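A short worksheet on the structure shown next.
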Amino acid sequence: MNAETVFSFVLLLVSIAPVIILGIVQYKSKKPVGFWSGEEPPRKERITDMEAYNRKHGMMWILYGIGFILCFVCGFPFGGEIAAVLCILEGIGGIFGIVAYHNKLNRMYCKKEGDV
């Protein structure tokens, strides 16, 4: 293991730590959580099961962060380029995945505006 690999892994951990921390905070939140920056989270009255809604959003972010770490670790034996490509794929594919999952959670747990 050379210095470049250690530096890359430390940089990855520092970069992805806020995502995992966000997931932990959302997982434990007692108030409805938001997804987009600047987006108002749904009102508490609109969510049918706020605890499940928050936990699933939090777990989504935690798994997204862990995915980056796993991509790096799994790609490491094949070289830094492979690890980088896997992390890029995780980043791009993961964003599409978490957006789709967020929308699914909103359909599952949020009442329509007229139902409140």
Side-chain angles (χ1 to χ4, degrees):
M1 184 178 302
N2 58 22
E4 179 182 314
T5 304
V6 172
F7 180 77
S8 297
F9 190 66
V10 169
L11 184 63
L12 172 75
L13 291 177
V14 169
S15 300
I16 211 62
V19 173
I20 295 172
I21 292 168
L22 171 70
I24 294 168
V25 169
Q26 285 192 350
Y27 189 89
K28 295 181 175 189
S29 179
K30 302 294 183 207
K31 298 186 298 188
V33 297
F35 179 73
W36 301 104
S37 176
E39 175 193 47
E40 286 291 321
R43 293 186 325 271
K44 191 174 185 175
E45 304 83 44
R46 284 193 58 217
I47 300 176
T48 56
D49 186 352
M50 190 179 59
E51 184 176 345
Y53 179 80
N54 288 350
R55 285 180 178 230
K56 288 182 180 182
H57 267 92
M59 190 55 66
M60 171 184 70
W61 287 110
I62 293 167
L63 292 175
Y64 183 58
I66 290 172
F68 277 100
I69 297 168
L70 290 176
C71 285
F72 185 87
V73 171
C74 291
F76 174 72
F78 303 105
E81 293 82 15
I82 300 297
V85 168
L86 288 175
C87 286
I88 290 169
L89 291 174
E90 165 69 11
I92 294 170
I95 288 292
F96 287 112
I98 63 176
V99 168
Y101 190 62
H102 166 71
N103 291 333
K104 178 183 176 182
L105 290 177
N106 280 343
R107 286 191 304 275
M108 286 173 52
Y109 292 107
C110 293
K111 300 174 191 172
K112 307 282 186 270
E113 280 297 325
D115 296 344
V116 178

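In this text, all values refer to a predicted model and were calculated from it rather than measured experimentally.
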Exercise. Judged by atom type as modelled, is there a donor-acceptor pair below 3.5 Å linking the side chain of Asn54 to the main-chain atoms of Lys31?
Worked result: yes
Exercise. Taking the six-membered ring for Trp, is the centroid-to-centroid distance between Phe35 and Trp61 below 6.0 Å?
Worked result: yes
Exercise. With no hydrogens and no angle check, is any side-chain donor or acceptor of Tyr53 less than 3.5 Å from a backbone partner on Asn106?
Worked result: no
For this session: Kindly give the heavy-atom pair with the smallest separation between Thr48 and Met108, and that separation in Å.
Result: OG1-O, 4.1 Å
For this session: Using modelled atom types only, decide if a donor and an acceptor are shared between the side chain of Ser29 and the backbone of Val25 within a distance under 3.5 Å.
Result: no
Exercise. So do the side chains of Ile24 and Lys28 get within less than 4.5 Å of each other, counting heavy atoms only?
Worked result: yes
For this session: Indicate yes or no for a side-chain donor-acceptor contact from Gln26 to the backbone of Lys56 under 3.5 Å, with no hydrogens or angles considered.
Result: no
For this session: Identify whether Leu70 and Ile82 are in the same connected component of the hydrophobic contact network (ILVMFWY, side-chain heavy atoms under 4.5 Å).
Result: no
Exercise. Minimum heavy-atom separation for Val33 to Pro42, with atom names?
Worked result: O-CD, 3.9 Å
For this session: Run the ring-centre check on Phe72 versus Phe68 and record whether the distance is less than 6.0 Å.
Result: no
For this session: Provide the closest heavy-atom pair for Cys110 versus Ile47 in the form atom of the first, atom of the second, distance.
Result: SG-CG1, 4.3 Å
Exercise. Rounded to the nearest 0.5 Å, how far does OH of Tyr109 lie from NZ of Lys104?
Worked result: 9.0 Å
For this session: Show your reasoning for whether side chain to side chain contact (heavy atoms under 4.5 Å, CB included) applies to Tyr64 and Glu90.
Result: CA-CA 8 Å; Tyr64 183 58; Glu90 165 69 11; 3.4 Å; yes
For this session: Check Cys74 against Pro77 and note the closest heavy-atom contact, atom names and distance.
Result: O-CD, 3.3 Å
Exercise. Do Ile16 and Phe7 share a hydrophobic cluster (ILVMFWY, side-chain heavy atoms under 4.5 Å, transitive)?
Worked result: no
Problem set entry | His102 NE2 to Arg107 CZ distance, which is reported to the nearest 0.5 Å | 10.0 Å
For this session: Please round to the nearest 0.5 Å and tell me the distance separating atom CD1 of Ile92 and atom CG of Leu89.
Result: 6.5 Å
For this session: Working to the nearest 0.5 Å, report the span between CD of Glu81 and CG of Leu86.
Result: 11.5 Å
Problem set entry | Point-to-point distance, once rounded to the nearest 0.5 Å, from CE of Met59 to CD1 of Ile66 | 8.0 Å
Exercise. Any link between Ile21 and Ile98 through a network of hydrophobic side chains (Ile, Leu, Val, Met, Phe, Trp, Tyr) touching at under 4.5 Å?
Worked result: no
Exercise. Which pair of non-hydrogen atoms, one from Ile69 and one from Leu13, has the smallest distance, and what is that distance?
Worked result: CD1-CD2, 3.8 Å
For this session: Supply the atom-to-atom distance Cys71 SG to Ile88 CD1, rounded to the nearest 0.5 angstrom.
Result: 11.0 Å
